[in-house]
Each structure stands twice: as structure tokens, then as C-alpha cells.
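These notes concern the structure reproduced below.
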Amino acid sequence: PTESTGDQLPVEEDTPEPEAEEPTATPEPDPTEPPVEPTEPPAQLPAEAGTTLIPAGFFLMGSNSGQANEQPEHPVLLNSYSIDTFEVTNAQYRACVDDGSCTPANTPGSFTRPSYRDDPAFDNYPVVSVSWDQADVYCRWAGKRLPTEAEWEYAAAGPDNFTWPWGNSFNPALSAASSADTQEVGSFPGGAS
């Protein structure tokens, strides 16, 4: 998945204390001018076509019971951002290769399909065997960027901090995890986060 906007904000930040300044007088309001009425904050822009808008918010990143590099669970605040709703397909990635901006996926096959990468029958299947650098080049070519680790985790787990995109119990029918190979993009709508 790729996405178009957003920034990770730290929850805590050590900042030096500002130097004390001399107090200044607060100007009195001009009674001849009408008071300024507060305005509502601007509405969030809708997500681009093919993306899902993830609203700003806190979530618990990591896991207290996971791998060492996932610990400890800690709160993170993210601004709103958009992320692609579906995986990048073979056809989408091939368009970048055909343009000369991307290099081909590292292997032509998938787990069980020797000609997966270049066979039009698999155009709407997720691209596989690309490195982080190749994915980064593709995202920039598409006018987007890779999500940060926090953005990816929040989009998948949501504000409820689910273990799986659909909840805390694994259900093989909601993902390709029980399949021998990749499945067409959009094949598991019940497993979407």
C-alpha cells in the first residue's frame, strides 16, 4: 500500500525551557470593530480516488507481548493521512517499469506461478518481490509516498488496536493467509480494516 499525505507526531518531546521574556502589555480590543467570531475548523478533505482517509488520532503502537523490536506498546499521535485502499497491482507497477522509472520485480514468478509478474491474467493481483527501494521509487513515480511504520500499523489496527484488521481473533477466511499463493486484489472485503 501507498499513501499520499500525513506526518507522524511524537507524543512526548524534550524541549528546552524558553528564556524568560519581559512581560508585554496585552492590547485592549478596539470597541469600534466587531468581535471576531470563531470559525469551525475546515472539514477534512476527502481521500483521493482509490485511497482511504485515516483520521487523525492516538493509537497504541507496538506490542507488549510481541517481538523485542515491537516492545513496549506506546501511544502515538498521527495527523490524518490517506493510504491506498488496495495493494499495488502487477499492472500498476508494470506501468512504472514501462515508463522507465521502475525496475522489474526481482523475480518473475510467485509462490506457485512461474510467469506471475508478466502474465496479463495476473494484472489485478498484488505485485510481489519488490524491495523497499523499488516500492519507494514506485510511490514517488505515482505522486505518493510509502507510509511510515506507525501509519501502516494504525491503518491496519485502527483506533481499537486490533491484532488483525478485523478484530483480535484470526479468521483465515478473511485473508489470503490460508491460500497457497496471492489472490486477486479486493478478494477479501470482510478482512478490510
(Q) Once side-chain contact (heavy atoms from CB on, under 4.5 Å) is applied, do any residues pair with Ser63, and if so which ones, sequence neighbours excluded? (A) Ser65, Glu70
Q) How about Ser110 and Asp181: does a side-chain donor come under 3.5 Å of a side-chain acceptor? A) yes
Q) How about Glu184 and Ser187: does a side-chain donor come under 3.5 Å of a side-chain acceptor? A) no
Q: Indicate yes or no: at least one non-hydrogen side-chain atom of Leu78 is less than 4.5 angstrom from one of Glu151.
A: yes
Q: Return yes if a side-chain donor-acceptor contact under 3.5 Å exists between Asn106 and Gln134, otherwise no.
A: yes
Q: For the pair Asp136 and Arg140, find out whether any cationic side-chain nitrogen is under 4.0 Å from an anionic carboxylate oxygen.
A: yes
(Q) Is it true that Tyr116 and Thr182 share a donor-acceptor pair across their side chains at a distance under 3.5 Å? (A) yes
Q. Looking just at side-chain N and O atoms, do Asp133 and Ser131 make a donor-acceptor pair shorter than 3.5 Å?
A. no
Q: For the residue pair Asn171 and Trp164, confirm or rule out a side-chain donor-acceptor distance under 3.5 Å.
A: no
Q.
Side chains of Thr52 and Thr85: any donor to acceptor distance under 3.5 Å?
A. yes
Q. Are Asn168 and Thr163 linked by a side-chain donor-acceptor pair shorter than 3.5 Å?
A. yes
Q: Can you spot which of Val127, Asn124, Val88 makes a side chain to side chain contact (heavy atoms under 4.5 Å, CB included) with Val185?
A: Asn124
Q: Check for a donor-acceptor pair, side chain of Trp141 on one end and backbone N or O of Lys144 on the other, with a separation under 3.5 Å.
A: no
**Q.** Aromatic plane relationship, Tyr93 with Tyr138 - under 30° parallel, 30 to 60° tilted, over 60° perpendicular
**A.** tilted
